Enquirer: 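What follows is a structure written as structure tokens; I'll ask about it next.
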Amino acid sequence: MIHIITGSTLGGAEYVGDHLSDLLVEQGLETTIHNQPDLADIPAQGTWLVITSTHGAGEYPDNIQPFIAALQSTPPRMSEVKFAVVGIGDSSYDTFCAAGKHAYHYLRILVAHH
Ligand SMILES: Cc1cc2nc3c(=O)[nH]c(=O)nc-3n(C[C@H](O)[C@H](O)[C@H](O)COP(=O)(O)O)c2cc1C
């Protein structure tokens with residue numbers, strides 16, 4: 001199962017998530033899309049595909065902030081999880097794709113330490 005976890009304000013990252021889901025399903029893979037991700041609903045198994053834009057001064061979109069906060073406060077055992085991150089942003093900002101970069105670095109640490 002591929003858990004597609006989106007962080008989006010205006011729908012761009014959600015659109016990318018929907019499209020990637022269609023392509024993965026065409027390949028015979030199973031996906032679940034989490035547009036309001038809740039860590040309690042997402043098992044630490046299979047593949048997590050995090051797709052997030054960046055807003056504010058390098059911040060996560062509001063809808064994914066509780067998920068990231070929960071990951072930081074109560075990190076699950078991640079040894080059975082594979083992950084990938086798609087960062088979406090605008091290179092005119094100094095904080096280009098800061099949320100996607102943060103998610104990638106943080107998940108790498110979690111997977112390595114658990
Ligand atoms: C108020 C505002 C702040 C933004 N801040 C950043 C930023 O700090 N870094 C970045 O890479 N992109 C930034 N962006 C660009 C968005 O990440 C980009 O438009 C993205 O496609 C939005 O995707 P979404 O609709 O899924 O949220 C910002 C956009 C807005 C409107």
Side-chain angles (χ1 to χ4, degrees):
M1 175 63 70
I2 300 176
H3 293 280
I4 297 177
I5 299 161
T6 64
S8 188
T9 55
L10 299 173
E14 275 187 25
Y15 176 84
V16 172
D18 287 345
H19 185 57
L20 286 178
S21 178
D22 290 345
L23 295 175
L24 292 164
V25 168
E26 273 175 26
Q27 298 295 316
L29 297 161
E30 276 189 287
T31 66
T32 304
I33 299 176
H34 304 269
N35 288 331
Q36 296 297 329
D38 180 347
L39 183 61
D41 293 342
I42 303 177
Q45 285 171 354
T47 300
W48 289 9
L49 176 54
V50 177
I51 304 170
T52 185
S53 67
T54 298
H55 278 267
E59 302 296 324
Y60 283 97
D62 287 349
N63 74 300
I64 198 174
Q65 282 185 11
F67 173 79
I68 298 295
L71 262 188
Q72 290 176 319
S73 61
T74 53
R77 270 187 86 248
M78 296 285 286
S79 52
E80 291 178 18
V81 178
K82 293 191 169 75
F83 75 90
V85 176
V86 176
I88 293 172
D90 178 336
S91 60
S92 65
Y93 290 90
D94 290 345
T95 48
F96 178 48
C97 285
K101 289 176 185 168
H102 179 271
Y104 176 73
H105 291 297
Y106 189 62
L107 285 168
R108 272 191 65 170
I109 290 167
L110 277 187
V111 166
H113 287 254
H114 286 268

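Note that the coordinates shown come from a computational prediction; the quantities given were computed from them, not determined experimentally.
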Enquirer: Does CZ belonging to Phe96 count more than 12 external heavy atoms closer than 6.0 Å?
Expert: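 It does: Phe96 CZ has more than 12 such atoms within range.
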Enquirer: Over all heavy atoms of both residues, which pair between Gly89 and Cys97 is shortest? Give the atoms and the distance, please.
Expert: N-SG, 3.6 Å
Enquirer: Do you reckon Val85 sits in the same ILVMFWY cluster as Leu39, going by side-chain contacts under 4.5 Å, direct or chained?
Expert: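 Yes, Val85 and Leu39 fall within the same hydrophobic cluster.
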Enquirer: Applying the 4.5 Å side-chain criterion to the ILVMFWY set and letting contacts propagate, would Ile33 and Leu29 be lumped into a single cluster?
Expert: yes
Enquirer: Answer whether the closest heavy-atom distance between the side chains of Phe83 and Val50 falls below 4.5 Å.
Expert: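 The answer is no, as the side chains (C-beta and beyond) never meet within the 4.5 Å cut-off.
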Enquirer: Are Ser8 and Asn35 close enough that some pair of their side-chain heavy atoms sits under 4.5 Å apart?
Expert: no
Enquirer: CZ/Phe67 to OG1/Thr6 distance, rounded to the nearest 0.5 angstrom?
Expert: 10.5 Å
Enquirer: Tyr106 versus Ile68: any side-chain heavy-atom pair under 4.5 Å?
Expert: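 Sidechains of Ile68 and Tyr106: no contact.
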Enquirer: Hey, does Leu107 have a side-chain heavy atom less than 4.5 Å from the side chain of Met78?
Expert: yes
Enquirer: Using side-chain heavy atoms (C-beta onward) and a distance below 4.5 Å, is Pro76 in contact with Leu71?
Expert: yes
Enquirer: Do other residues, nucleotides or ligands put more than 12 heavy atoms under 6.0 Å from Asp90 CG?
Expert: yes
Enquirer: Taking atom CD1 of Ile109 and atom OH of Tyr104, what is their separation to the nearest 0.5 Å?
Expert: 11.0 Å
Enquirer: Distance-only, no hydrogens or angles: does the Thr74 side chain make a donor-acceptor pair with backbone N or O of Ala70 under 3.5 Å?
Expert: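 Yes, because the side chain of Thr74 sits within donor-acceptor range (under 3.5 Å) of the backbone of Ala70.
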Enquirer: Evaluate the criterion side-chain contact (heavy atoms from CB on, under 4.5 Å) for residue pair Leu23 and His19; output intermediate values, then yes/no.
Expert: CA-CA 6 Å; Leu23 295 175; His19 185 57; 3.8 Å; yes
Enquirer: Please confirm whether the backbone N or O of Tyr60 pairs with a side-chain atom of Gln65, one donor and one acceptor, at under 3.5 Å?
Expert: yes
Enquirer: Roughly how far, to the nearest 0.5 Å, is CG of Leu110 from CD of Gln72?
Expert: 8.5 Å
Enquirer: Nearest 0.5 Å please: distance from the CD atom of Glu14 over to the CD1 atom of Ile88.
Expert: 10.5 Å
Enquirer: Working to the nearest 0.5 Å, report the span between CD of Gln36 and CD1 of Ile5.
Expert: 13.0 Å
Enquirer: Would you check if Asp38 and Pro66 make a side-chain contact, meaning some heavy-atom pair closer than 4.5 Å?
Expert: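 When only atoms from C-beta onward are counted, Pro66 and Asp38 do not touch, as no gap falls below 4.5 Å.
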Enquirer: Treat each ILVMFWY residue as a node, draw an edge where side-chain heavy atoms are under 4.5 Å apart, and state whether Ile51 and Ile42 are in one component.
Expert: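 Result: no, two separate clusters.
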Enquirer: Closest approach of Ile4 and Ser21, non-hydrogen atoms and distance?
Expert: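 That closest heavy-atom pairing would be CD1-CB, 3.6 Å.
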Enquirer: Does one hydrophobic cluster hold both Val81 and Ile2, with members joined at side-chain heavy-atom distances below 4.5 Å?
Expert: no
Enquirer: For Thr54 and Ala99, indicate whether the former's side chain and the latter's backbone hold a donor-acceptor pair under 3.5 Å.
Expert: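 Yes; judged by distance alone, with no hydrogens or angles, the pair exists.
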Enquirer: Does Thr31 reach the side chain of Leu49, with side-chain heavy atoms less than 4.5 Å apart?
Expert: no
Enquirer: Given side chains that start at C-beta, do those of His3 and Pro43 come closer than 4.5 Å, heavy atoms only?
Expert: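 Counting from C-beta outward, His3 and Pro43 do come under 4.5 Å.
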Enquirer: Which heavy atom in Pro61 sits nearest to a heavy atom in Ser53, and how many Å separate them?
Expert: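 Residues Pro61 and Ser53, closest heavy atoms: CD-O, 3.2 Å.
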Enquirer: Please round to the nearest 0.5 Å and tell me the distance separating atom CE of Met1 and atom CD of Glu30.
Expert: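 Answer rounded to 0.5 Å: 4.0 Å.
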